[in-house]
Amino acid sequence: MVVTGRAALLAGLGVVFVAVLMPSWSGIGVVVAVVLLVCLVDLLLAGSPRRLQLSREGDTAVRLGEQAVVTMLVANPGRRVNGLLRDAWPPSAGVQDPPHKIDLPNGERRRIVTHLVPTRRGDRHAHRVTVRSIGPLGFAGRQGSHRVPWTVRALPPFKSRKHLPSRLARLRELDGRTALLVRGQGTEFDSLRDYVPGDDVRSIDWRATARRGNVVLRTWRPERDRQVAIVIDSGRMSAGRVGDAPRLDHAMDAALLLAALATRAGDRVSLLACDSEVRADVRRPAPEDVLPSFVNALANVDAELVQTDFRVVVSQVLERLGQRSLVVLLTGLDPAVIEESLLPVIGPLLRRHVVVLASVADPRLTELEAARSDVIEVYGAASAARTRLDRERVTAVLTRAGVTVVDENPDHIAPALADTYLALKKAGRL
């Protein structure tokens with residue numbers, strides 16, 4: 001039995017009630033009075049949960065799916081508190097611990113550890129701490145709550161990090177650290193080396209060849225300090241689930257891999273998440289701050305159930321970029337949206353910048369198109385084939401307009417986008 005807060009007064013009034021109104025039931029009345037009196041005494045002897053002093057320390061950020069540890073310091077300046085402590089968080093915070101048992105004598109402190117595994121991105125705020133203090137007889141107790149503010153931010157998980165070492169190795173090849181020739185209008189002269197059979201004869205430096213008396217080639221390296229603008233569509237097209245996560249989360253993962261790669265390549269990377277208005281904006285962070293600033297900015301971005309206004313997107317990008325840059329737009333390949341909203345306004349962007357459109361494809365379409373065992377599956381296969389043809393048609397339209405299109409499944413969209421960036425580097429288009 002737990003008696004909380006104002007129950008002491010009620011217990012005392014109960015004793016009086018039994019004594020005055022139940023004189024004929026002397027036996028029952030005495031028993032009830034004794035029980036109420038014991039509860040009252042037990043309640044008065046229980047330590048006060050409201051006198052406890054609570055504070056927190058621990059993790060303030062964690063990648064989605066990983067564990068955060070938040071420690072609570074509980075000090076007791078009053079009578080001994082023996083009972084339960086519940087640290088309440090929202091369900092998406094993923095609390096792993098049951099209510100904690102506490103036994104806290106006067107003048108002592110305890111550390112209460114709460115483990116969290118968030119299931120959604122964004123800020124997760126502690127709700128309240130409830131302490132139930134049981135009396136020494138175990139018949140009654142007190143209960144009180146404290147507000148001890150704390151916030152744990154669940155960051156994007158960056159699952160595509162595993163692809164970064166292989167892409168960095170390819171970047172080192174483009175950067176001239178291995179024997180590889182790169183030519184194009186966007187390259188810089190690096191050094192001279194002797195000709196090896198199979199090399200491109202267009203790279204021969206004839207003046208150096210005449211001076212040395214043997215055939216010498218120029219080697220090239222991609223230009224550095226280029227601008228890469230990553231634009232994430234946070235409108236309704238990004239809300240649909242593909243695989244085990246929304247399309248928006250897959251786009252974020254691809255954006256983080258590209259940002260890490262471009263930063264290591266010496267380029268300046270910026271981020272914009274936008275639909276009908278700007279949801280996240282990171283402009284020219286320092287190289288060491290790129291990933292921390294990106295994951296913090298994206299942590300609280302959710303898909304908005306509104307149609308993306310690409311006029312706003314294009315105007316925001318043009319406002320931020322001066323010199324010729326690479327613009328990577330992570331959005332869907334919905335034919336109606338692309339043809340009616342994006343294509344009419346993308347012209348100014350294409351005239352000034354290199355544009356890549358990356359879209360997350362749904363692998364279930366391939367499965368639906370292959371399944372034809374009954375009438376229902378045949379209709380599903382026809383619908384999936386029609387969707388695939390529409391995506392191929394809009395891809396061809398974008399390609400003719402000058403947009404490089406990357407359309408891949410969730411598991412391949414991040415490395416495919418990184419490969420496209422490296423291919424543009426190699427071709428000297430940046």
Side-chain angles (χ1 to χ4, degrees), residues 64-65 92 119-121 156-160 162-163 231-258 273-276 298 301-310 313 328-344 346 355-401 403-420:
L64 190 65
S92 58
T119 57
R120 291 180 56 191
R121 286 182 295 100
F158 195 11
K159 296 179 180 179
S160 61
K162 60 186 179 184
H163 300 291
V231 183
I232 298 178
D233 178 3
S234 56
R236 66 172 182 83
M237 286 195 296
S238 64
R241 294 188 71 85
V242 181
D244 60 351
R247 183 174 276 110
L248 177 63
D249 287 22
H250 297 302
M252 289 181 179
D253 201 50
L256 292 176
L257 179 62
L258 177 60
C274 188
D275 41 79
S276 58
L298 293 173
V301 175
D302 290 316
E304 303 293 332
L305 298 182
V306 298
Q307 181 59 51
T308 300
D309 189 343
F310 284 104
V313 174
V328 178
L329 175 59
L330 291 139
T331 185
L333 270 181
D334 187 321
V337 175
I338 296 297
E339 293 175 345
E340 297 174 9
S341 300
L342 178 59
L343 284 174
I346 202 173
V355 179
V356 173
L357 187 147
S359 177
V360 181
D362 192 343
R364 291 178 300 176
L365 292 177
T366 304
E367 299 172 5
L368 288 173
E369 193 173 353
R372 305 187 182 188
S373 60
D374 54 35
V375 175
I376 295 178
E377 288 189 350
V378 168
Y379 278 106
S383 177
R386 178 60 183 271
T387 301
R388 175 179 57 80
L389 292 173
D390 285 342
R391 292 176 72 90
E392 291 176 355
R393 177 178 56 81
V394 76
T395 298
V397 172
L398 288 167
T399 302
R400 286 196 298 270
V403 180
T404 301
V405 179
V406 180
D407 185 21
E408 293 288 346
N409 292 340
D411 293 337
H412 302 118
I413 182 64
L417 183 57
D419 290 342
T420 300

Minimum side-chain heavy-atom gap [X]-[Y] below 4.5 Å:
X	Y	result
Met237	Leu333	no
Thr420	Leu258	no
Leu342	Val337	no
Val328	Val231	no
Thr404	Leu357	no

What residues form a side chain to side chain donor-acceptor pair (under 3.5 Å) with [X], not counting sequence neighbours?
X	answer
Asp309	Arg311
Ser92	Arg124
Asp233	Thr308, Thr331
Arg393	Glu339

Heavy-atom pair of closest approach, residues [X] and [Y]:
X	Y	answer
Ile413	Ser359	CD1-O, 3.4 Å
Ala239	Leu305	CB-CD2, 4.0 Å
Ala303	Leu248	N-CD2, 3.5 Å

Could you state the interatomic distance from [atom1] ([X]) to [atom2] ([Y]), rounded to the nearest 0.5 Å?
X	Y	atom1	atom2	answer
Ser341	Ile346	OG	CD1	12.0 Å
Ser276	Phe310	OG	CZ	12.0 Å
Arg236	Gln307	CZ	CD	4.5 Å
Leu389	Thr395	CG	OG1	11.5 Å
Asp302	Ser234	CG	OG	9.5 Å

Next item on the list: Sequence neighbours left out, what passes salt bridge (charged side-chain N to carboxylate O under 4.0 Å, His left out) with Asp407? Give chain and number order.
Entry: Arg391
Checklist line | Pairs touching residues 243-256 that satisfy side chain to side chain donor-acceptor pair (under 3.5 Å), sequence neighbours left out | finding: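 Residue pairs passing side chain to side chain donor-acceptor pair (under 3.5 Å), neighbours aside: Arg121-Asp249, Ser160-Asp253.
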Next item on the list: For Leu257 and Leu417, run side chain to side chain contact (heavy atoms under 4.5 Å, CB included): C-alpha distance rounded to whole Å, both residues' side-chain angles, the deciding distance at 0.1 Å, then the answer.
Entry: CA-CA 9 Å; Leu257 179 62; Leu417 183 57; over 6 Å; no
Next item on the list: List the steps and the verdict of side chain to side chain contact (heavy atoms under 4.5 Å, CB included) for Ile338 and Leu398.
Entry: CA-CA 9 Å; Ile338 296 297; Leu398 288 167; 3.9 Å; yes
Could you list the residues that satisfy side chain to side chain contact (heavy atoms under 4.5 Å, CB included) with [X], not counting sequence neighbours?
X	result
Ala255	Ile230, Ile232, Leu330
Pro157	Leu64, Lys159
Asn409	Ala361, Pro363, His412
Ala370	none

Next item on the list: For the pair Thr387 (side chain) and Ser383 (backbone), establish whether a donor and an acceptor sit closer than 3.5 Å, ignoring hydrogens and angles.
Entry: yes
Check: Quick one: salt bridge (charged side-chain N to carboxylate O under 4.0 Å, His left out) pairs with a partner in residues 355-372, sequence neighbours left out?
Finding: Asp362-Arg364, Glu369-Arg388
